[in-house]
S.K.: 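The structure under discussion is supplied below as C-alpha cells; questions concerning it will follow.
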Amino acid sequence: MWPSMSNASNGNQGLKGYNLILLDDDDCHVHAFIYADNWKHHAEKIEEGSVYIMSNFYTKQSNGSLKPASSSILINFSPSTSVQKVEEDDFMIPLHKFEFVDLSDLFNLETANANIEFPEFSTDVIGVLEDFEYVSKIKIVYGEKKIVKFRITDGRHSHKVTVWEALATKTDAAYRAIEEQPNTKEPIIVIISSTKLRTFRNSVQINTLPSSKIYLNLDNEVVTAMRQRLNEEGYVQLERTISPTTQIKNVSAPAIETLTLKELSERTSSDYLKRSFLCKVNVKNVEQNDSWWYNGCHKSKCNEEVSKLEGKYRCFKCTRNYPLPQKNYPILCSDETDKAYPAVVKELSGRDIIVQIELNDDNILLSSTVYHATDAYQSVICTSSKSETTISSFGASAFGDNNLIEVSDTSTTPGNLKRKIASNSFAVLESVRKNLEKISF
DNA sequence: CCCCCCCC
C-alpha cells in the first residue's frame, strides 16, 4: 500500500488516494486504487499483508507509465465496494510477488525504455547490498531531499541505487538494525520493488518511486535462492564498514549554469521551465520615477503592480488583497560591458552583480525577457591581490549577526580569503537582497 | 482521478 499525493504545482496538496497491490491464491496480482473520498470507508480495515474478500468494485484498463504490476487491469473501489477481512488464511496466498529482472538486463531494459517516452512498467531487482551510505540530505533544484545510496550486485553486475525521502529513512533504519545484530557476516540480500531505471554517465542507476519497497534479508525463498546462487558463483563480499555516523551530512548544491542574457533568452524549451541559471550582469540603470520602487503583489512569482482600493492593495492578476504592498525595485541590467553607463543614480548602478534567475511561464511560452531573479551575488575586485574576488555566499553568512561577507579568492592567495565589506555598502546589499525576489530587469 | 522528478 502507498498513498498518492497530489502535486504541489496544482496548489492542491493532499491525499489523492491509496494504491494497493492485490495478490490472489493463483499468484495473480493487480493494482488497485481507492480515491480519497472512498478511502475513509476502508481506512481502518485494510492492512498490508492481510487477506480480504473484496466485492462490488469496478475495473478498467490501467493507463500511465511505471505501472507497479504487470497487469493491464486496474481495480477501482466505489463507495459501495465491500471489504471483509478473512481471519484464517485457508487460501495460502503468499505475502509477496516479485517480477525480478536480472541485473545484467537492466542496461538493455533502460535503453529500450529510453526509446519510448515513458517505461510502461516499473522494475523489481534482487541482489547483495554493498557500499551503503547512511541517510543524508541533498539539495535539489526545488529544495532538499533525503536520500540513501548503495550498490546492488549479483557478483557479476553492480548498479547504483538511490532511495528517496521516506523510504530512505526506513531503509537507513533497517540497515542499522542489521548492523547492530551480533552475527552480521552474511551478505545482506536486498529486494527493491517497483523501481525506475535511469542512465547516468553510461551506466544504469536504480531510483525508487512512491510505489517502491525495499526488503533487507526478507524471509522468503527467493532470498535463499539468491544466497545459493552467490555461493555457487563464489561471491566474496566486501568488508562492510560499520560507521558510527549518525549526523545528517549536507551535500552542497549542484552547480548552476552561468549564461549570458542572450543565451538565457534562447532557453525557451519547456525543459527549462522553473530551472535556475546564473547571469553575470552589469546594472545599467535603476529606474527612478517618483521613487525607485513600486507597490507590488506579495505573492511570490507575481510581479504585478497592486492598486490601492478602499484602503487595501489589490492585485488584479492574483485577485487578492493585502493590507500593505510589497515594495518592488525594478533595475535594468546588461552584460554588454563596452557600453557607456549612465551616471550613478543609485548605489547599484554600474555594479557587476550575478543574479540567479528562475525561468517562468512567460519566459518559456511568450519568450519574455523580463526575468524573475531569486537570488543575487556581487562580484568584488580585491585590490590587494589584484585578482578578482567573488562573494561566495550572499545568504546566511552575508547577513548573519556579524555582518561579514565571506569571499573566495579565485587566485587562492592565502590570507586573502575573507574581507569585511564596509557597513555602508552592506546596507545597500541588504536592501537588494531583501527585495531581489521582486526585481524585474 | 492510478503513472513523478529530484542527487552524483
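We use all heavy atoms of the structure for the numbers below, so side chains are in, but hydrogens, waters and symmetry mates are not. Within every chain, numbering begins at 1; the chains are lettered A, B, ... in the order of the sequence lines, protein sequences first and strands thereafter.
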S.K.: What is the distance, to the nearest angstrom, from the OH atom on A:Tyr18 to the C1' atom on B:dC1?
M.R.: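 The distance from OH of A:Tyr18 to C1' of B:dC1 comes to 17 Å, rounded to the nearest Å.
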S.K.: When you measure only distances, ignoring hydrogens and angles, does the side chain of A:Gln205 come within 3.5 Å of the base of B:dC8 through a donor and an acceptor?
M.R.: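 A donor-acceptor contact between them is present.
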S.K.: Given side-chain contact (heavy atoms from CB on, under 4.5 Å), test A:Leu103 with A:Ser158 step by step and report yes or no.
M.R.: CA-CA 7 Å; A:Leu103 298 185; A:Ser158 166; over 6 Å; no
S.K.: 5'-most contact on DNA chain B: A:Leu209 or A:Thr162, nearest heavy atom basis?
M.R.: A:Leu209
S.K.: Side chain of A:Lys145 only, please: which of B:dC4, B:dC2, B:dC6 is the nearest?
M.R.: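 Selected nucleotide: B:dC6.
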S.K.: Under 4.0 Å: is that the gap between some side-chain N or O of A:Lys274 and OP1 or OP2 of B:dC5?
M.R.: no
S.K.: Base, sugar-phosphate, or nothing for A:Leu66, non-hydrogen atoms under 4.0 angstrom?
M.R.: sugar-phosphate
S.K.: What integer distance in Å separates A:Glu144:CD from B:dC5:P?
M.R.: 21 Å
S.K.: Are the ring of A:Phe118 and the base ring of B:dC3 both nearer than 5.5 Å at their centres and tilted by less than 30°?
M.R.: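 Per 5.5 Å and 30° rule: no stacking.
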S.K.: May I have the distance from A:Trp39 (atom CH2) to B:dC2 (atom P), rounded to whole angstrom?
M.R.: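 Answer to the nearest Å: 16 Å.
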S.K.: When the distance from CZ of A:Phe150 to P of B:dC7 is rounded to whole Å, what number comes out?
M.R.: 19 Å
S.K.: Nearest-Å distance, NE2 (A:His31) to C1' (B:dC1)?
M.R.: 12 Å
S.K.: Check whether any side-chain N or O of A:Lys149 sits under 4.0 Å from OP1 or OP2 of B:dC7, and answer yes or no.
M.R.: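 Checking B:dC7 against A:Lys149, no side-chain N or O comes under 4.0 Å of OP1 or OP2.
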S.K.: Can a donor-acceptor pair be found, under 3.5 Å and without considering hydrogens, that links the side chain of A:Glu48 to the backbone of A:Met1?
M.R.: yes
S.K.: To the nearest angstrom, how far is A:Leu20 atom CG from B:dC3 atom C1'?
M.R.: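 Those two atoms, CG and C1', are 15 Å apart.
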S.K.: For A:Met1 and B:dC2, what is the distance between atoms CE and P respectively, to the nearest whole Å?
M.R.: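 Between P of B:dC2 and CE of A:Met1: 18 Å.
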S.K.: Answer yes or no as to whether B:dC1 has its base stacked against A:Phe33, where stacking requires a ring-centre separation under 5.5 angstrom and planes under 30 degrees apart.
M.R.: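 Here A:Phe33 fails the 5.5 Å or the 30° condition.
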S.K.: Taking the six-membered ring for Trp, are A:His157 and A:His159 parallel (under 30°), tilted (30 to 60°) or perpendicular (over 60°)?
M.R.: parallel
S.K.: To the side chain of A:Tyr35, which of B:dC1, B:dC2, B:dC6 is closest?
M.R.: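 It is B:dC1.
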S.K.: Looking at A:Glu263 and A:Arg267, is there a salt bridge between them, counting it only when a charged N and a carboxylate O are closer than 4.0 Å?
M.R.: no
S.K.: Let me know the distance between NZ of A:Lys139 and P of B:dC6, rounded to the nearest Å.
M.R.: 19 Å
S.K.: To the side chain of A:Lys16, which of B:dC7, B:dC4, B:dC2 is closest?
M.R.: B:dC2
S.K.: The side chain of A:Ile138 is closest to which nucleotide in this list: B:dC4, B:dC2, B:dC7?
M.R.: B:dC7
S.K.: Give a yes or no on whether a donor-acceptor pair under 3.5 Å exists between the nucleobase atoms of B:dC5, that is its base, and the side chain of A:Lys196.
M.R.: no
S.K.: Between B:dC1 and A:Asn76, counting only base atoms on the nucleotide and side-chain atoms on the residue, is there a donor-acceptor pair under 3.5 Å?
M.R.: no
S.K.: Salt bridge or not for A:Arg176 and A:Glu180, using N-O below 4.0 Å?
M.R.: no
S.K.: By side-chain hydrogen bond (donor to acceptor under 3.5 Å, both in side chains), which residues pair with A:Trp2, not counting sequence neighbours?
M.R.: none
S.K.: May I ask you to say what A:Glu120 touches in the nucleic acid, namely base, sugar-phosphate or nothing, with a heavy-atom cut-off under 4.0 Å?
M.R.: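 It contacts nothing in the nucleic acid.
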